[in-house]
> 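Structure incoming, see below.
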Amino acid sequence: MNKTILVTGGLGYIGSHTCVELLNNNYNVIVIDNLSNSKESVKDNIEAITGKKIIFYNVSVCDMEKIRDIFRKSKIDAVIHFAGYKAVGESVMKPLLYYQNNIDSTLVLCQVMNEFNCKKLIFSSSATVYGNNTNVPFREDYKVGGTTNPYGTSKLFIEHILNDLYISDNEWGITILRYFNPIGAHKSGLIGENPNGIPNNLMPYISKVAVGELKELSIFGNDYDTVDGTGVRDYIHVVDLANGHVKALSKLLDNKGVSIYNLGTGKGYSVLEIVNAFIKENKINIPYKIVSRRSGDVAVSYADSTKAKKELGWMPIYGIEDMVRDSYNFYRNNKND
Ligand code: UD1
């Protein structure tokens, strides 16, 4: 019998790509998404790519009664919890909203999972939990903390909550995945990252400049101690990231305990290297100017991803050219969407 996986936030950027890879690997998929930062049409696009159906509920994960109903209707083998607010700047303006939504949804979900004896959970965490640690590459056993905004702190708190949950009940299997910088999109151009308004993150911003929706990119600082003075990050193709979830799930289904994995390529690129790769691969100019540093940014962040490679047998296969090409392809297909 195929296993059934509940995916919260399954119509979002990483969630939608993960649904595709789960379906490609013959899992049944149930999605909960309240469309706060996604569109219902993403469901059709996931189904068009895979030729398979998903069950979709337009429900908030904070709504305990409705989550119970979903568990009553289907036998769920494991949950992947993507749903959450993720805009760093907004989290500084609205800390209560971010803590309430991100933490409450996780508490509701874990409580209902407990009631239905479904104790396998994958949680979307972030490299942001390494705070302003400068000792790259980041390893999973490093001390976490020192997060610079409520979004990051909500991820950190949830990691602590999940650890405590396991201490209280050793029947749980919990996998925490710390994402580095996902970019790119499915090669079909049907799903990708499409944030509302002016993007905060680098690749959506570059892509919007490329399609003429924004005038020029501002590069935040060129005086860091890096190869060319601009910030260095570990960019990872979202399809590789999605496949990391499939590998993590397959291990989790047979295991208990808390496991933490970095999902990054282990290689850092500077902002200028990304801009130049985008220009070269897509043969389109990206006007940019250098401005002052953005507060809260670290100079360098990249993963030591040997643990995921060794224990999950996961290996990212896409390079930087694939990432910048697929990002642009998605934006061209979804201009002004
Ligand atoms: C940010 C968040 C992180 C979150 C991640 C995904 C911070 C401190 N970190 O990571 O918590 O998990 O997004 O949402 O906000 N850059 C520019 N110009 C731009 C945008 C970005 O130069 O218009 C530079 C940044 O200074 C950085 C790099 O590009 O050096 C990547 O930035 P971004 O895509 O925002 O990701 P992070 O800051 O790494």
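These numbers were taken from a predicted model, which means no experiment stands behind them. As the structure lists them, so they are numbered: ligands from 1, and atoms in each ligand from 1.
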> With a 4.0 Å cut-off, would you call Lys43 and Asp33 a salt bridge?
no

> Starting from atom 26 (O) of ligand 1, find the nearest protein heavy-atom neighbour and note its residue, name and distance.
Asp297 OD2, 2.6 Å

> Would you call Asp69 and Arg72 a salt bridge, taking side-chain N to carboxylate O under 4.0 Å as the test?
yes

> One residue to check: Val271. Relative to ligand 1, which of side chain, backbone, both or neither has a non-hydrogen atom less than 4.0 Å away?
side chain

> Tell me if the CG atom of Asp225 is crowded by more than 12 foreign heavy atoms within 6.0 Å.
no

> Tell me: protein heavy atom nearest atom 19 (C) of ligand 1, and distance?
Phe220 CE1, 3.3 Å

> Which protein non-hydrogen atom lies closest to atom 18 (N) of ligand 1, naming both residue and atom, and how far is it?
Ser218 O, 2.7 Å

> Nearest to atom 4 (C) of ligand 1, what protein heavy atom do you find, and at what distance?
Tyr151 CE2, 3.7 Å

> State whether Arg293 and Asp223 are salt-bridged, where the test is any N-O pair (Lys NZ or Arg NE/NH1/NH2 against Asp/Glu carboxylate O) under 4.0 Å.
yes

> Under 6.0 Å from the six-membered ring centre of Tyr98 and within 45° of its axis: does the NZ or CZ of Lys94 meet both?
no

> Could you check if a side-chain atom of Asn222 sits within less than 4.5 angstrom of a side-chain atom of Asp228, using non-hydrogen atoms only?
no

> Could you check whether Glu140 pairs with Arg178 (Lys NZ or Arg NE/NH1/NH2 to Asp/Glu carboxylate O, under 4.0 Å)?
no

> Take every heavy atom of Gly296, measure it against each atom of ligand 1, and state whether any distance is under 4.0 Å.
yes

> Among protein heavy atoms, which lies nearest atom 9 (N) of ligand 1, and at what distance?
Val88 CG2, 4.1 Å

> Run the side-chain contact (heavy atoms from CB on, under 4.5 Å) check on Ile320 and Glu273 step by step: do they pass?
CA-CA 10 Å; Ile320 202 68; Glu273 285 173 331; over 6 Å; no

> At under 4.0 Å between heavy atoms, which part of Leu217 makes contact with ligand 1: side chain, backbone, both or neither?
side chain

> Near Asn200, which atoms of ligand 1 are under 4.0 Å from a heavy atom of that residue?
20 (C), 35 (O)

> Any atoms of ligand 1 less than 4.0 Å from a non-hydrogen atom of Ser126? List them with their elements.
12 (O)

> Supply the atom-to-atom distance Lys247 NZ to Tyr261 OH, rounded to the nearest 0.5 angstrom.
12.5 Å

> How far is atom 36 (O) of ligand 1 from the closest protein heavy atom, and which atom is that?
Asn181 ND2, 3.2 Å

> Let me know which of Phe123, Phe82, Trp314, Tyr27 forms a ring-ring contact (aromatic ring centres under 6.0 Å, His included) with His245.
Phe82

> Report the member of Arg233, Met203, Lys208, Arg294 with the shortest heavy-atom distance to atom 32 (O) of ligand 1.
Arg294

> Which of parallel (below 30°), tilted (30 to 60°) and perpendicular (above 60°) describes Tyr142 and Tyr130?
perpendicular

> So which protein heavy atom does atom 13 (O) of ligand 1 come closest to, and at what separation?
Asn201 ND2, 2.9 Å

> Could you find the nearest protein heavy atom to atom 34 (O) of ligand 1 and give me its residue, atom name and distance?
Leu202 N, 2.8 Å

> Can you tell which of Tyr235, Phe180, Tyr269 gets a heavy atom nearest to atom 31 (C) of ligand 1?
Tyr235

> Considering only heavy atoms of Thr128, which atoms of ligand 1 have at least one such atom less than 4.0 Å away?
11 (O)

> Give the atom numbers and elements of ligand 1 that come within less than 4.0 Å of a heavy atom of Gly231.
30 (O)

